[in-house]
Amino acid sequence: MGKIFVISDTHFGHTNILKFEHDNKPLRPFSSLEEMHSIIIERWNSVVMPGDKVYHLGDVAFRKESMYILHGLNGKKRLIRGNHDLFKTSFYLDFFKEVYGVRQINGAWLTHVPMHQGAVNQDRVKVNIHGHIHANIIDHPKYFNVSVENIDYTPVALEDILQRIKK
């Protein structure tokens with residue numbers, strides 16, 4: 001059985017994301033969408049093998065034609081829908097084996113938007129692995145932001161995240 005990976009907020013085809021800033025610097029250090037796509041594809045395929053599962057935690061692509069990038073990415077992909085994943089579910093099923101609103105695996109809650117802190121403070125929630133807030137971090141040990149800006153544009157193994165949380 002393969003590994004399980006998580007990633008969020010690839011924003012394939014989103015030209016304006018290259019104009020966004022964080023702390024007065026570009027949010028994404030790319031000169032073009034082509035460069036951004038190329039880096040994400042290369043880094044994704046360097047860690048994810050064809051038999052691995054990948055949970056994409058939302059905001060995949062802004063244009064339907066950009067979704068086809070997913071066909072060049074390794075792994076059996078599942079989608080946790082984000083606020084920008086606005087196409088019909090049937091369209092996403094051409095690229096993902098399953099589509100969810102939220103998913104729970106081994107006490108880790110996979111969401112696009114971070115969960116309410118009251119829910120995360122419960123004992124049954126080990127960690128909320130989320131995206132949505134890009135380069136921002138929630139300063140709480142039970143939150144882990146896998147927006148691409150925080151994970152070097154590379155999917156992260158769920159097992160590695162759970163090990164970090166234990167420490």
Side-chain angles (χ1 to χ4, degrees), residues 1-12 14 17 20-23 25 27-29 36 39-62 67 69-70 73-86 89 92-93 95-167:
M1 185 172 156
K3 289 184 173 183
I4 299 172
F5 289 88
V6 290
I7 190 169
S8 186
D9 297 284
T10 49
H11 286 260
F12 294 129
H14 185 192
I17 201 157
F20 294 175
E21 291 189 350
H22 179 76
D23 291 338
K25 292 185 238 173
L27 178 64
R28 296 193 179 188
M36 181 182 85
I39 293 291
I40 293 172
I41 292 165
E42 177 185 319
R43 292 183 184 176
W44 181 305
N45 288 338
S46 74
V47 297
V48 176
M49 299 297 112
D52 293 336
K53 282 185 186 176
V54 180
Y55 284 90
H56 193 301
L57 305 188
D59 290 3
V60 179
F62 270 53
M67 288 292 295
I69 291 170
L70 292 163
L73 299 174
N74 289 338
K76 298 171 184 169
K77 296 170 275 302
R78 279 112 172 113
L79 174 63
I80 308 294
R81 287 181 90 140
N83 56 299
H84 291 294
D85 298 317
L86 303 175
T89 301
Y92 289 106
L93 289 171
F95 306 94
F96 295 96
K97 290 182 91 49
E98 298 171 288
V99 177
Y100 302 97
V102 63
R103 184 88 164 122
Q104 192 269 341
I105 302 173
N106 299 330
W109 287 85
L110 308 180
T111 62
H112 176 64
V113 175
M115 293 172 69
H116 185 274
Q117 284 206 346
V120 172
N121 283 327
Q122 296 176 20
D123 289 337
R124 64 188 170 114
V125 177
K126 290 180 188 174
V127 62
N128 175 208
I129 302 170
H130 65 87
H132 185 65
I133 59 174
H134 294 272
N136 296 305
I137 299 291
I138 296 172
D139 188 20
H140 187 287
K142 286 191 173 185
Y143 286 95
F144 197 94
N145 181 356
V146 294
S147 295
V148 294
E149 297 87 357
N150 290 310
I151 58 171
D152 200 27
Y153 303 90
T154 309
V156 178
L158 178 63
E159 180 180 318
D160 293 345
I161 295 170
L162 295 177
Q163 287 298 323
R164 289 181 203 176
I165 298 302
K166 282 183 184 177
K167 293 178 184 177

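Computed over heavy atoms, backbone and side chain alike; hydrogens, waters and symmetry mates excluded. Worth saying up front: this structure is predicted, and the values here are computed from it rather than measured.
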How long is the gap from NZ on Lys77 to CZ on Phe95, to the nearest 0.5 Å? 10.0 Å

Value for OG1 (Thr10) from CD1 (Ile41), rounded to nearest 0.5 Å, stands at 10.0 Å

In sequence, state the C-alpha distance, the side-chain angles, and the governing distance for His130 and Ile138, and then conclude on side-chain contact (heavy atoms from CB on, under 4.5 Å). CA-CA 10 Å; His130 65 87; Ile138 296 172; 4.1 Å; yes

Rounded distance (nearest 0.5 Å) linking atom CE of Met115 with atom CH2 of Trp109: 6.0 Å

What is the distance from atom CG of Asp160 to atom CD1 of Ile165, rounded to the nearest 0.5 Å? 11.5 Å

Ser147 side chain to Asn145 side chain, donor-acceptor N/O pair below 3.5 angstrom: yes

At their closest point, which heavy atom of Leu158 faces which heavy atom of Ala108, and how far apart are they? CD1-CB, 4.3 Å

Before you tell me yes or no, could you show the steps for Lys53 and Arg78 under side-chain contact (heavy atoms from CB on, under 4.5 Å), namely the whole-Å CA-CA distance, both residues' side-chain angles and the distance that decides it to 0.1 Å? CA-CA 7 Å; Lys53 282 185 186 176; Arg78 279 112 172 113; 3.6 Å; yes

Say you draw a straight line from CD1 of Ile40 to CG of Asn45; how long is it, rounded to the nearest 0.5 Å? 12.0 Å

Evaluate Glu149 against Arg28 for side-chain contact (heavy atoms from CB on, under 4.5 Å), listing each step before the verdict. CA-CA 7 Å; Glu149 297 87 357; Arg28 296 193 179 188; 2.7 Å; yes

Name the one of Val60, Ile133, Asp59 that satisfies side-chain contact (heavy atoms from CB on, under 4.5 Å) with Asp9? Asp59

Could you please spell out the steps behind the side-chain contact (heavy atoms from CB on, under 4.5 Å) verdict for Trp44 and Phe5? CA-CA 10 Å; Trp44 181 305; Phe5 289 88; over 6 Å; no

Testing the basics here: between Asn74 and Val48, what is the closest heavy-atom pair and its distance to 0.1 Å? ND2-O, 2.8 Å

To the nearest 0.5 Å, atom CE of Met67 lies from atom CZ of Phe62 at 12.5 Å

Partner of His134 under ring-ring contact (aromatic ring centres under 6.0 Å, His included), chosen from His14, His112, His11: His11

Can you tell if the side chain of Leu73 reaches within under 4.5 Å of the side chain of Val54, non-hydrogen atoms only? no

Test log, rule ring pair (Phe, Tyr, Trp, His ring centres under 6.0 Å), inputs His56 and Tyr92: CA-CA 12 Å; His56 193 301; Tyr92 289 106; 9.8 Å; no

Which atoms form the tightest heavy-atom contact between Ser8 and Gly131, and what is the distance? OG-CA, 3.4 Å

Minimal heavy-atom distance between Ile7 and Thr154, with the atoms involved, is CD1-C, 4.3 Å

Short side-chain to backbone donor-acceptor contact, Asn128 and Pro114, under 3.5 Å: no

Which atoms form the tightest heavy-atom contact between Ile17 and Leu27, and what is the distance? CG1-CD2, 4.3 Å

Do the side chain of Tyr153 and the main chain of Glu42 share a donor and acceptor less than 3.5 angstrom apart? no

Using every non-hydrogen atom in the two residues, find where Leu110 and Ile105 come nearest and quote the distance to one decimal. CD1-CD1, 3.8 Å

Does atom CD (Glu98) have a neighbourhood of more than 12 heavy atoms from anything else shown, all under 6.0 Å? yes

